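Everything numeric in this text was worked out from a predicted model, so none of it was measured.
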Amino acid sequence: MITQRISKLREKMMENNVQAYIIPTSDFHETEYVCEYFACRKYMSGFTGSAGVLVVLLDKAALWTDGRYFIQAANQLEGTGIDLMRMSQPGVPEIDAYIVENLKENDTVGFDGRVMNTKDVLAYKSVFDLAHLNMNVNLDLVNDVWTDRPQLPSTPTFHYSEKFAGESMESKLSRLRAFLNENKVDSIVLTSVDQIAWLYNLRAHDIPNFPVALAYSIVSLDSASIYMDASRLDELSEEEFRKNNVTVCGYNDIYSATKILSGSVLVDPSSVNYAIVSNLRAKPVFKESPIILWKALKNETELKCTKWAHIKDGVAVTKFMYWLKKNAGKIEMSEMSVQSKLQVFRSEQENYLEDSFDTICAYKEHAAMMHYSSKPETNVEITNSGMLLIDSGGQYLEGTTDITRTFVLGDISEEERYWFTKALRGHIRLSDAHFLFGCSGINLDILARGPLWDQDVDYQCGTGHGVGHLLNVHESPNGFRWRVLPHRNEMCVLDEGMITSNEPGVYCEGKFGIRHENEMVVVKGNVNNYGQFMHFEPITFVPFDLDGLDGSLLTNGEKAWLNNYHKEVLEKISPYLTNDEAEWLKSACRSI
């Protein structure tokens with residue numbers, strides 16, 4: 001099937017005199033997780049991971065993805081004729097270098113400029129110009145191949161109340177206009193759906209697990225427009241738009257609107273698609289949108305709400321853990337049924353809307369694939385042996401959660417116990433970090449990796465990512481990573497109110513996978529003549545499975561942190577459990 005689709009795509013390429021065609025994992029808004037309409041890379045390659053770029057030439061094809069998906073991609077690309085390019089590994093060429101190597105002068109590289117951000121396109125152009133390659137940026141060739149392509153989503157919106165958001169649309173628009181005035185620009189074009197959702201306190205269900213509406217916006221010093229189907233707006237949002245003089249225009253009208261803009265226009269090249277920027281007649285000012293940082297710095301209301309969301313989520317996951325540990329090996333269960341059971345526990349919590357991403361429920365060797373997704377063809381029975389890794393989260397009106405626990409269901413090997421403990425040591429060390437303001441994730445990442453690097457072991461992904469507020473579970477610009485990756489905006493200074501995940505792990509192909517993840521909020525500590533000190537406060541409260549731990553490998557300080565953390569879990573979660581669950585939790589949170 002994949003080979004047939006690639007063959008049809010090559011026919012379209014030849015019809016358009018294109019020798020290389022790029023298919024990213026993106027939509028018109030540079031969104032990380034996309035709805036089915038934009039699943040072009042998945043449709044053309046068969047690879048279902050959330051990150052990857054497919055390049056199709058007339059005689060070969062290749063797919064680039066990161067370390068989270070190496071094992072999965074190798075399995076899913078088998079037999080398709082598509083070569084796997086393991087990003088950041090020795091000898092693996094960059095996409096532009098691969099294309100230059102395989103094309104000749106005056107050949108053409110094609111792609112749909114609506115699904116490529118301006119920064120990437122300009123970087124490609126600088127390389128392709130030197131190689132005397134042409135670019136055709138207005139080709140949606142996949143649409144010609146995908147005859148039963150789904151429709152664009154258009155779900156009803158809902159106004160996100162100030163009691164959850166903590167700031168009104170009026171206040172946010174005023175802040176944005178003040179920024180425009182300070183930077184001496186006349187308007188800003190916004191295309192990132194999470195930024196638009198934050199600015200207008202607007203939510204919808206256009207993208208699974210990501211409660212936003214597909215929309216664009218233009219804000220100037222004296223006007224504001226949002227581009228989406230007006231018929232889907234709820235009454236409260238319509239009223240708020242009227243009060244704040246926000247004009248609602250058709251979704252595709254963004255292209256005619258940007259064409260007639262005058263003066264200077266601020267566009268973030270990392271998010272605004274190239275089709276829009278190439279459409280501008282006004283002077284573009286390339287600068288990062290201020291909303292990225294504003295929404296990462298959670299206000300007091302958002303922090304209060306999200307802490308409550310995490311208590312509710314902690315109750316759901318703890319109840320699930322009790323059920324799982326009591327029933328493994330006694331009743332029939334599989335990866336998919338267990339995944340569904342966890343969702344049931346979450347759905348019982350007030351104001352739960354949906355999961356915040358597709359749950360990773362991976363038993364034994366499946367957990368070595370960091371972002372494994374159980375399907376009917378891979379679904380396996382779960383018994384009372386080995387380890388089960390579950391990475392999951394929920395979207396609640398009060399906030400977004402993300403948690404990973406590795407559960408011990410029976411006998412495990414000494415090797416598994418050793419790495420379970422080593423990974424938990426990394427988690428504890430980062431959780432307990434004490435640092436000066438001005439540090440970014442790159443300064444602190446070694447705390448988590450240190451216990452693994454000491455053994456010449458690594459996990460081929462970041463240690464943590466920012467988390468949105470009833471928005472995207474992966475939020476810029478904060479995170480933890482040992483090196484800067486230009487395509488990832490996550491190395492900003494860690495500031496008060498930022499929420500970041502902490503999730504070191506160990507992955508042994510064909511054997512097991514282990515990950516321990518909490519969310520943490522950055523808080524201020526003492527200030528003195530050396531500067532402002534900072535630290536982290538955990539907001540996720542679920543026991544780590546002590547049945548997998550070798551306490552002799554922990555330092556006294558690490559034991560103290562773990563005991564204090566479990567004391568907090570017991571205090572915060574017990575009131576919402578049954579008597580039997582609460583008694584079990586006392587044992588699960590026992591001192592070591």
Side-chain angles (χ1 to χ4, degrees), residues 2-28 30 34 37-47 52-65 77 80-85 87 92-147 149 191 255 258-259 267 269-270 272-281 284 286 486-487:
I2 297 301
T3 55
Q4 293 173 342
R5 292 172 184 173
I6 294 288
S7 178
K8 289 180 181 177
L9 179 64
R10 286 181 173 134
E11 291 175 10
K12 299 297 178 182
M13 290 168 61
M14 287 186 284
E15 289 174 13
N16 288 273
N17 191 30
V18 168
Q19 286 71 43
Y21 192 73
I22 305 173
I23 307 173
T25 305
S26 189
D27 57 14
F28 301 157
E30 195 64 15
V34 299
Y37 176 86
F38 292 107
C40 295
R41 188 265 300 147
K42 181 173 76 172
Y43 178 82
M44 293 303 306
S45 69
F47 169 59
V53 177
L54 175 64
V55 175
V56 179
L57 310 181
L58 295 177
D59 60 347
K60 63 172 74 171
L63 182 138
W64 281 255
T65 193
L77 295 179
T80 64
I82 300 170
D83 297 322
L84 173 59
M85 297 294 181
M87 291 171 63
V92 175
E94 298 292 332
I95 292 170
D96 49 12
Y98 173 87
I99 291 173
V100 168
E101 181 183 346
N102 285 281
L103 267 59
K104 61 183 186 298
E105 281 192 19
N106 296 318
D107 279 349
T108 299
V109 182
F111 52 84
D112 183 352
R114 297 173 300 173
V115 296
M116 295 273 277
N117 71 61
T118 301
K119 180 181 177 182
D120 286 350
V121 173
L122 294 179
Y124 283 144
K125 187 176 187 303
S126 65
V127 174
F128 296 156
D129 282 351
L130 287 174
H132 304 289
L133 298 179
N134 305 308
M135 290 198 315
N136 187 331
V137 303
N138 298 306
L139 287 176
D140 183 6
L141 297 184
V142 176
N143 195 59
D144 296 334
V145 176
W146 196 352
T147 54
R149 188 173 186 173
T191 62
Y255 292 96
T258 49
K259 189 174 289 187
V267 291
S270 296
V272 179
N273 73 54
Y274 187 71
I276 286 176
V277 171
S278 61
N279 196 46
L280 288 172
R281 294 174 181 170
F286 291 144
H487 63 283

Notebook entry, point to check: Heavy-atom distance under 4.5 Å between the side chains of Asn136 and Asn138, does that happen here?
Noted result: yes

Checklist line | Distance-minimising heavy-atom pair for Val92 and Trp64 | finding: CG1-NE1, 4.2 Å

Checklist line | Closest approach of Glu30 to Ser270 (non-hydrogen atoms, all atoms of both residues) | finding: CG-O, 3.6 Å

Checklist line | Interatomic distance, Asn16 atom CG to Gln19 atom CD [nearest 0.5 angstrom] | finding: 10.5 Å

Check: If only atom types and distance count, is the side chain of Asp120 paired as donor or acceptor with the main-chain N or O of Asn117 below 3.5 Å?
Finding: no

Next item on the list: Give, for atom CE of Met116 and atom CG of Leu122, the distance between the pair rounded to the nearest 0.5 Å.
Entry: 10.5 Å

Notebook entry, point to check: Just wondering, do Tyr21 and Val142 contact through their side chains at under 4.5 Å, heavy atoms?
Noted result: yes

Next item on the list: Check Val18 against Leu58 and note the closest heavy-atom contact, atom names and distance.
Entry: O-CD2, 4.0 Å

Note to self: For Cys40 and Arg149: C-alpha separation, side-chain torsions, deciding distance, then whether side chain to side chain contact (heavy atoms under 4.5 Å, CB included) applies.
What the structure shows: CA-CA 9 Å; Cys40 295; Arg149 188 173 186 173; 3.4 Å; yes

Notebook entry, point to check: What is the distance from atom CG of Leu57 to atom OH of Tyr98, rounded to the nearest 0.5 Å?
Noted result: 4.5 Å

Margin query: Measuring from atom CG of Leu63 to atom OG1 of Thr80, what distance do you get when rounded to the nearest 0.5 angstrom?
Written below: 8.5 Å

Notebook entry, point to check: So, do Thr118 and Phe286 sit near enough that their side-chain heavy atoms are less than 4.5 Å apart?
Noted result: yes

Next item on the list: Can you spot which of Met44, Arg10, Glu15, Lys12 makes a side-chain contact (heavy atoms from CB on, under 4.5 Å) with Leu141?
Entry: Lys12

Next item on the list: Go through Ile95 and Tyr124 one step at a time and tell me if the side chain to side chain contact (heavy atoms under 4.5 Å, CB included) criterion holds.
Entry: CA-CA 9 Å; Ile95 292 170; Tyr124 283 144; 3.6 Å; yes

Check: Between the main-chain N or O of Gly52 and the side-chain N or O of Thr25, is there a donor-acceptor pair closer than 3.5 Å?
Finding: yes

Check: Does any N or O in the side chain of Asn273 come within less than 3.5 Å of the main-chain N or O of Phe28, such that one atom is a donor and the other an acceptor?
Finding: yes

Check: Taking all non-hydrogen atoms of both residues, which atom of Val277 and which atom of Val267 are closest, and how far apart?
Finding: CG2-CG2, 4.3 Å

Notebook entry, point to check: Can you tell if the side chain of Phe111 reaches within under 4.5 Å of the side chain of Val137, non-hydrogen atoms only?
Noted result: yes

Notebook entry, point to check: Do the non-hydrogen side-chain atoms of Val53 and Met85 ever get within less than 4.5 Å of each other?
Noted result: no

Margin query: Per the side-chain hydrogen bond (donor to acceptor under 3.5 Å, both in side chains) rule, what does the pair list look like for residues 125-135, sequence neighbours excluded?
Written below: Lys125-Asp129

Note to self: Testing the basics here: between Tyr255 and Arg114, what is the closest heavy-atom pair and its distance to 0.1 Å?
What the structure shows: OH-CG, 3.4 Å

Margin query: Tell me whether Arg5 contacts the main-chain N or O of Tyr43 through its side chain, where contact means a donor paired with an acceptor under 3.5 Å.
Written below: yes

Check: How long is the gap from CZ on Phe128 to OG1 on Thr108, to the nearest 0.5 Å?
Finding: 11.0 Å

Next item on the list: Answer whether the closest heavy-atom distance between the side chains of Ile22 and Ile99 falls below 4.5 Å.
Entry: yes

Next item on the list: Check Ile2 against Gly46 and note the closest heavy-atom contact, atom names and distance.
Entry: CD1-N, 3.6 Å

